[in-house]
Structures are given as C-alpha cells and as structure tokens.
Amino acid sequence: MIEYRSSFLKLFAERGYIAQISDPEALDKLALEGPITAYIGFDCTGPSLHVGHMMGIMMLRRLQQSGHKPIVLMGGGTTKVGDPSGKDEARQLLTDEVIASNMASIKQIFTNFLSFGDGPTDAVMVNNAEWLDTLHYIPFLRDYGRHFSVNRMLTFDSVKLRLDRDQPLSFLEFNYMILQAYDFAELAKTRGVRLQMGGSDQWGNIVNGIDLGRRVAGAELYGLTCPLLTTASGAKMGKTAAGAVWLNGDMLSTWDFWQYWRNTEDEDVGRFLRLFTDLPLEECARLEALEGADINEAKKVLATEVTALVHGRDAANEAQETARRTFEEGALAENLPTVEVSAPELAEQGIGVLHAFVTAGLVGSNGDARRQVKGGGLKVNDATVTDERAILRTGDLTPEGVIKLSLGKKRHVLLKPVG
RNA sequence: GGGGGAGUGUCCCGAGCGGCAAAGGGGGCGGACUGUAAAUCCGCUGGCUAUGCCUUCGUAGGUUCGAGUCCUACCUCCCCCA
C-alpha cells in the first residue's frame, strides 16, 4: 500500500474508500497543491437515492472535509439513455417528466451531507442534461466519436456481460459510456474538474473519461473508485423486505432507517462505522473490538450516527430512544410508525385483525396476514394472534389510546383512532 | 431472405405425458436458537366477501368437456445458413 501524503487520500485510505486509483502518486501530489474539484454522477432512475448510493455521497463529503471541492452531477441527460453496467436487461425508458420529478426529489438529500455555495471548496450541483440535451449528432460523432474504439468498448465489462450472456444491448445503452466520458471531459473544460469518483463498477466508464479528457482537452484527469459494497454474508446492501432502504424520509421512516443499521451484521460494524459515520478512527476501532452481545452497543452508535447524517440528530436520537423503549423495556413507545384508523368504525363494527395488519402495511394482503397468523408471526399489543377472525374494538386500545400491531419481533406499527 | 430454438408463478433462476394454482432452487417473510447479528433447523412465499370463486405460463385467436402443454397469426430474443 502506498503511503499517501495528502490529507485527502490519507483519509480515503484509512476509512476504506479506495478500490482503485488511476495514478495514485500524481493524484496525491495534486491534492497537496490545492483544492481539487471532483465529481460523482448520480442517475435519476428512482424518486430517492438509497443506501447503495451512500458510498458516493460519503466520498463527496470526505472530499470536502479534506479541503476540496465536490460536484454533484445529476444525470438528467444520461438517465434518458440508461447505464447498462451490471444489468442483464435494458432498463425501461423513463419519460422526461419522471426523470425531472426524480431529480427534484433526490436533490434535497445532498444538502445534509455537503455544504453548498460559491466558495472555493463549496459543493456545486450540476445537471448533465444541460450539455447533453443540446448535442448535435454529427458534430458530436466527429469531435468525440472518433476517439472511441469500438473494439475497446466491446471489452468493457458492462458490454461484455451482455454479449457473453447473449443478452441484447441496444445501441442506445451502448452510448452510455461515451456520454459519461463526455461528461468528464466537459466538466474538466468548463469547471476545472480533475477527478471523477464512483463505485468500482464505474471504473471502465471513468477511464474512458480520462482518456477522452486528455485527447480533446489536453487535461490530465484522474479516477478513484470505491469497493462495491456488500454485507459480510455477501448480500447487496440496501435491500430489505419492504424494498430498497431509501434515504428520503417520505419513502422510508426514520425509525425503519435506524432499524436497518441497527441490524447490521457483526462483521460489518467496523467497516460501516468508518465508511458511513464521522466518528474518529480510534472510536470506530474501539466499537468494532467489542465482542459478543456487547457489539450491540456499536450497532446502536452506528445506527444513530448514520441516521443523524441523513435525517438529523434529533430524529436519530428519537429513533434510538424509541428502539430502547420498544426492545429493551418491552414498553410501548409512542414514536413507532403510526397509522390512523377511523374511531367510529373501531367503536361500532370493529376492525378485523387481518384487515388491520394490511392497513398498517405490515402484510401485503389478507391471505398474507392469514399465513402469518398460522406461523405465529402477528401480535396485537404483544399478544400473539391466534384467531384470524378476531375483531379489534375500542376495548383493545392501550391506556395510551393506541393498538400496537407487530409482525415478527422487529416490525411494529401503532394504530391510532381518529375522527 | 431461408432453417432451427426460446419466452413459465410481475424478485430471480428454472421443471412442466392435455386435468395445473403449476416440481425444484435462490431470494424474501415468519417460527425455534441467540445478542434486534451470523450460521443452523422448521414453516410460508397468486387474490378474494373462501369447504367455494377469480386471475396467472410473451400477445391475440382456435381445437377440446378441459390448454402452460396441441394448432394459427403476431411480438421479442438467440443460433445456423445466405
């Protein structure tokens, strides 16, 4: 391992963000000379970023922390094309409206991680639709297309994967890497960007950009990728029963987000603390070293620190306190996710248990609920449901005026009568 | 342009003599064991106003008491020949 001299690369190396660097010595030297402007691109394929994107976001944060300038590149243009990397099949084309609305909803997240502004190390957000939408095909082919060798493009993993598997790769998607390379060259020219970062699956795309930048702009550009994030048991990060672990609060509650991190596997705790929190390395090491049940303390710290970054310190503390009351005291915590039900309905005809669990969103259908009852997975006010025809009535309200529904040991929702 | 093959339970992969709500995996969920972990074991994994009804096997028709299974056309993809 190389001994880095710049605080930037030192920090990245210590915390585990480095998988590959295009020219480590030169980049290290450049970082010592003054603020580097670096960027990461984010596609707008969904209405929120999820845990899988946090590596990228954190890299930009660390970059800024070590005195450099981060650029968040929104892929308003490239999302229209679709990145074939790591996908078996072509993604369905998204309409301009969907992309625009996704982008609007994604943007807010970054303000929690980066400080934006006009200063030399302030973060900036740009949208590649600005220059991609207005490209003229023939001039583009002549100026940039000539720098790309199809022979070489065919050797890139994103392309090879499809070809090897006899999966179709449309010409549209084939262009993605060219556009991403063009982004880099464009940003180098107009904004003095020197470095593109990304996940290790982006290495090929980044290298293309470096080459292109040298040819069309004569710029010496660099690339840095982070390891692909998986859990110790090999699962991809960010998937749970309910779907992706979204960063937007309206897509996933603070409580559920906190719970996601609280349930981290033992082997991942240290790594995640270094990657996803601002805690000093010594503290990360101390927490990581805890053994047996004690490591649960480390998981709580991890959960609260990450939640604080994404949702704010207050919300994180609240989630931790709610968890403490729910799991450690077995008490009813008022800040669990709450679903409102009609008070008159509850008082008069009552609400069937199955329906109640569906309403609470804990199960997908009555049939699903029925199965869970059979497996002993549903609880009302901590009592296992045994009769699927049971009716919830006003009498089932706890002194706090709610009914606590649980799926398994970990997922809880409060029903609150209103009206 | 000619010839051959494929598309299965809306998470994925994948069996499927004309009686099929459809084998088996993986993943996921629940239970047991634990520490709200991992590993392991067990159960579940179309919908409903439910001893029945409805919707599912690329799309649309047809044959049949009955079709994922047979026929026709179409769509998409792969392979071989030109």
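These values consider heavy atoms only, across backbone and side chains, with no hydrogens, waters or symmetry-generated copies.
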Side-chain ion pair, [X] and [Y], N-O less than 4.0 Å:
{"X": "A:Glu334", "Y": "A:Arg325", "result": "no"}
{"X": "A:Arg214", "Y": "A:Asp211", "result": "yes"}
{"X": "A:Glu305", "Y": "A:Arg313", "result": "yes"}
{"X": "A:Arg215", "Y": "A:Asp143", "result": "no"}

So [X], base contact, sugar-phosphate only, or nothing? Heavy-atom distance under 4.0 Å.
{"X": "A:Arg262", "value": "base"}
{"X": "A:Asn366", "value": "sugar-phosphate"}
{"X": "A:Thr326", "value": "nothing"}

Original post:
Paired with B:C74: which nucleotide, if any, by Watson-Crick or G-U wobble criteria at under 3.5 Å for both distances?
Top reply: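 B:C74 is paired, partner B:G58.
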**OP:** Hunt down the Watson-Crick or G-U wobble partner of B:C53, both distances under 3.5 Å, from any strand shown, or write none.
**Re:**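 Its partner is B:G47.
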Subject >> Syn or anti for B:C53 (syn when the glycosidic angle lies within 90° of 0) >> reply: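 Anti conformation for B:C53.
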Original post:
For A:Phe327 and A:His412, what are the C-alpha separation, side-chain angles and deciding distance, and is it a ring-ring contact (aromatic ring centres under 6.0 Å, His included)?
Top reply: CA-CA 11 Å; A:Phe327 289 101; A:His412 310 281; 5.8 Å; yes
**OP:** Determine the Euclidean distance between corresponding C1' atoms of B:A6 and B:C13; express it in Å to zero decimal places.
**Re:**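 Result for the C1' pair: 15 Å, nearest Å.
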Subject >> Whether over 12 other heavy atoms sit under 6.0 Å from A:Gln349 CD >> reply: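 More than 12 heavy atoms, drawn from other residues, nucleotides or ligands, come within 6.0 Å of this atom.
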For the pair made of [atom1] in [X] and [atom2] in [N], what is the distance, rounded to whole Å?
{"X": "A:Glu265", "N": "B:U40", "atom1": "CD", "atom2": "P", "answer": "12 Å"}
{"X": "A:Arg371", "N": "B:G47", "atom1": "CZ", "atom2": "P", "answer": "5 Å"}
{"X": "A:Glu329", "N": "B:U36", "atom1": "CD", "atom2": "C1'", "answer": "15 Å"}

Can you tell me if the side-chain N/O atoms of [X] get under 4.0 Å from OP1 or OP2 in [N]?
{"X": "A:Lys374", "N": "B:C29", "result": "no"}
{"X": "A:Arg370", "N": "B:U45", "result": "no"}
{"X": "A:Asn263", "N": "B:G35", "result": "no"}
{"X": "A:Ser365", "N": "B:G46", "result": "no"}

Original post:
Is a donor-acceptor contact shorter than 3.5 angstrom present between the side chain of A:Asp266 and the base of B:G35?
Top reply: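 Yes, the side chain and the base share a sub-3.5 Å donor-acceptor pair.
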Original post:
Under the criterion ring pair (Phe, Tyr, Trp, His ring centres under 6.0 Å), which of A:Trp261, A:Phe113, A:Phe257 is the partner of A:His311?
Top reply: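 Of the listed residues A:Trp261, A:Phe113, A:Phe257, the ring pair (Phe, Tyr, Trp, His ring centres under 6.0 Å) partner of A:His311 is A:Phe257.
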Subject >> Residue whose closest nucleotide on RNA chain B lies nearer the 5' end, A:Gln372 versus A:Lys410 >> reply: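 So the residue in question is A:Gln372.
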Original post:
Taking for each residue the nucleotide of RNA chain B bearing the nearest heavy atom, is the 5' side occupied by A:Gly292 or by A:Asp368?
Top reply: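 By nearest-heavy-atom nucleotide position, the 5'-most residue is A:Gly292.
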**OP:** Measure from the side-chain heavy atoms of A:Asn296 and tell me the nearest of B:G30, B:A37, B:G35.
**Re:**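 Nearest to the side-chain atoms of A:Asn296, counting from C-beta on, is B:G35.
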Original post:
Counting side-chain heavy atoms from CB outward, which of B:C44, B:U36, B:A37 is closest to A:Phe327?
Top reply: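 Selected nucleotide: B:U36.
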Subject >> Donor + acceptor pair across side chains of A:Ser105, A:Asn248 (<3.5 Å) >> reply: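 Side chains of A:Ser105 and A:Asn248: pair found under 3.5 Å.
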Each nucleotide N or O in nucleotides 31-33 of chain B that has a protein N or O under 3.5 Å away: list the pair and distance.
{"unit_1": "B:A32", "atom_1": "OP2", "unit_2": "A:Lys409", "atom_2": "NZ", "d": "2.6"}

